[in-house]
Every structure is written in structure tokens, then in C-alpha cells.
There are 2 protein chains.
Amino acid sequence: MQFKKQSITTAKEKEFDPESFASMCKALGHPARVMIVNYLNRIDRCLCGDIVDLLPLAQSTVSQHLKCLKEAGLVKGEVEGPKTCYCLDKRMLKKFTRMVADLGLSPHGEKQ
Amino acid sequence: MQFKKQSITTAKEKEFDPESFASMCKALGHPARVMIVNYLNRIDRCLCGDIVDLLPLAQSTVSQHLKCLKEAGLVKGEVEGPKTCYCLDKRMLKKFTRMVADLGLSPHGEKQ
DNA sequence: TCTCTCAATCGTACATCTACGATAAACGAT
DNA sequence: ATCGTTTATCGTAGATGTACGATTGAGAGA
């Protein structure tokens, strides 16, 4: 499906892109991935194996979920020898919360 | 897949349920549904047909997306004769933003 | 070098999502 | 009663998501 690329907000408002907001939401649209993000937020950084221990899922499945989060830009992974260290991309997460506010859903927004 | 039902936050924090946060994110994980929510936020309430005009999608597809948003609790629809009037469920949307904050992603949170 | 560990990728099965046209159901108007 | 309007649901095809075990590859250490 194709949507028009133009913004759906008025000119003087911040740009709000439904496509990119949807893709971040989609990445957070599975409990395992939400738990990974929540865990990373508390623990700051960890190895893939730590997450495998955390969740009742096979290593390959966890790796797949991490790939999904990386592709959405929510998580970064840096290879350290045979290990990979994962952490949140704070910049992207700030963008996410800003978009939640732009959607008009923020309890702090000017709409209330 | 089954996850343990216990909260993943510490005891004195608010309850954070990954399952229900994920299900709301999933509902917002498609550009068409994001556009519907954004539209409803601006227009307050409208008929299904208005959304069909807004999006480049068949009526049946739009109806399906609305059903998805209703099942996630983000949108309410009340039948008015042969028409159905849709609007946002503000209570649920507030819950959503609260959960974003609980996830630790809020720019207003105590983590920053 | 050989082996061990850690993580990514492959292959695959099954489920869910997304889109459409066709049809049905509810109601107002003629 | 019949017709037109509006929306939901059905059936379906194709794409995508989710899970697993098996395999591969990269690097550390003996």
C-alpha cells in the first residue's frame, strides 16, 4: 500500500511522519521486544546471551527480535570479539516519545 | 509463546505490563491506523466513510483497520442508524503515554 | 591448530496480517 | 415494501511474522 508522502500536520507544526512512527510502533508490537527494551533501559547494556536467559525463547528467536529492534533504530549493537553488546539508542527513543506527543496523545501536550 | 505474568518493574513502581503495551503498539504499527488516530485526534469524531475518503484503501480494508483499533481499545465506535461514529478513547491513549513513560522512554521521566 | 563460546543466519512450518471484491445487515427515505 | 446509503463481515490470495533446530562464522584460549 502507498500513502502520500506529505505531512498530515499543518505547516507550522513539527513534521509528523506516520510511516516512521508506525514502524517504531511495529517494532514495539511484540511482548518479547518490549521486554528487551525495558530490560536494556534498566540494565543499560548487555550481551545477547543475557536476553536469551531473560526470555523463554530460543537463541535464534532472540537474535531475530534484536535484529528487528536494530532495524527500527531503537537498539544498537556493537560487536566485541565473539560477543555483541546491545544498548538502547536514546536519540531514537526520544524521537519516539516526541512523536507520541505530536500524535496528540501526550498528557503534557497543549491539547489538555 | 508464553511470558511470565509478573511485572518486570520493581515493586514500588507502577505496574507495567509488556503484553498490553505491545498490543497497543501493534495496533499503531501500521501507517493507515496511525493516520486514522491522528485524524480522529484533529477532527474529534467522524464516520467510517470519512476515513475511507482520507485513505487510498477499500472500504472493507478501512473497516478492518478500525476493528483492529477498537479491539486494542484505542478507538470507540457508536452506531447511529446505518452509520457508525468513531472517536478516540482518550482514557486508553493516556494509558498508552503513561506506559511509554513507564518504559523509561519519556523525556519528562526521572531518568533524564 | 583445535576447540569452545557466542551470536548471526539459514531453512522451514505455521500463524497472522493486509488487501480486495462480494455480500449481508441495518436503517432512512421514498 | 422497495431502494439507496453506510458499514460490517466473509472468503481468499499473497506477504509478513514468529518460532524452532541446524549450521556458520568470528574470535578467544589451550
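Source: prediction; values computed, not measured. In the text below, chain A, chain B and the rest are named by the order of the sequence lines, each starting its count at 1.
Across all strands shown, B:Thr61 has heavy atoms under 4.0 Å from base atoms, whether or not it also approaches the sugar-phosphate. A:Leu47 comes within 4.0 angstrom of sugar-phosphate atoms only, judged by non-hydrogen atoms across all strands, and of no base. B:Ser63 comes within 4.0 angstrom of a nucleotide base, judged by non-hydrogen atoms across all strands.
Rounded to whole Å, atom C1' of C:dT16 lies 11 Å from atom CD of B:Gln64. In this entry the distance linking CG of B:Leu28 with P of C:dT18 reads 12 Å, nearest Å. Per the geometry, CD1 belonging to A:Ile36 stands 14 Å off C1' belonging to C:dA7, to the nearest Å. Atom CD1 in B:Ile51 sits about 14 Å away from atom P in D:dT6, given to the nearest Å. Taking atom NE2 of B:His65 as the reference point, atom C1' of C:dC17 lies 9 Å away to the nearest angstrom. A straight line from CD of A:Glu78 to P of C:dC6 spans 18 Å, rounded to a whole angstrom. A:Lys83 places its NZ atom 6 Å from the P atom of C:dC6, with the value rounded to the nearest Å. Here the C1' atom of nucleotide C:dC20 and the CG atom of B:Leu57 are 10 Å apart, to the nearest Å.
The side-chain heavy atoms of B:Thr84 and B:Leu47, taken from C-beta on, include no pair separated by under 4.5 Å. Residues B:Arg45 and B:Tyr86 form no side-chain contact, since every pair of their non-hydrogen atoms from C-beta on lies 4.5 Å or further apart. When side chains are defined from C-beta on, B:Asp89 does not count as touching B:Val75, because their heavy atoms never get closer than 4.5 Å. Put simply, the side chain of A:Met99 reaches to within 4.5 Å of the side chain of A:Ser20, judged on heavy atoms. Contact annotation: the side chain of B:Cys87 never approaches that of B:Asp44 to less than 4.5 Å [non-hydrogen atoms, C-beta and beyond].
Distance check: B:Leu54 CG to B:Ile36 CD1 gives 8.0 Å after rounding to the nearest 0.5 Å.
The phosphate of D:dA8 has OP1 or OP2 within less than 4.0 Å of a side-chain N or O from B:Tyr86. At the phosphate of C:dA8, OP1 or OP2 sits under 4.0 Å from a side-chain N or O atom of A:Thr84.
Between B:Phe21 and B:Phe96, the ring planes lie parallel to each other; the angle is under 30°, not in the 30° to 60° tilted range.
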Criterion side-chain contact (heavy atoms from CB on, under 4.5 Å) on B:Leu28 and B:Arg33, from CA distance to verdict: CA-CA 6 Å; B:Leu28 291 170; B:Arg33 294 193 292 266; 5.6 Å; no
Using a cutoff of under 3.5 Å, can you pull out all pairs of nitrogen or oxygen atoms linking the protein to nucleotides 23-28 of chain D, with atom names and distances?
none

Between protein and nucleotides 14-17 of chain D, what N or O pairs are separated by less than 3.5 Å?
unit_1 : atom_1 : unit_2  : atom_2 : d
D:dG17 : OP1    : A:Lys26 : NZ     : 3.1

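Partners of B:Glu80 according to the salt bridge (Lys or Arg N to Asp or Glu O under 4.0 Å) rule, which considers only residues two or more places apart in sequence or in another chain, do not exist here.
Summary of the strand contacts: A:Ala58 and B:Asp50 both lie near DNA chain D, and taking for each the nucleotide with the nearest heavy atom, the more 5' one is attributed to B:Asp50.
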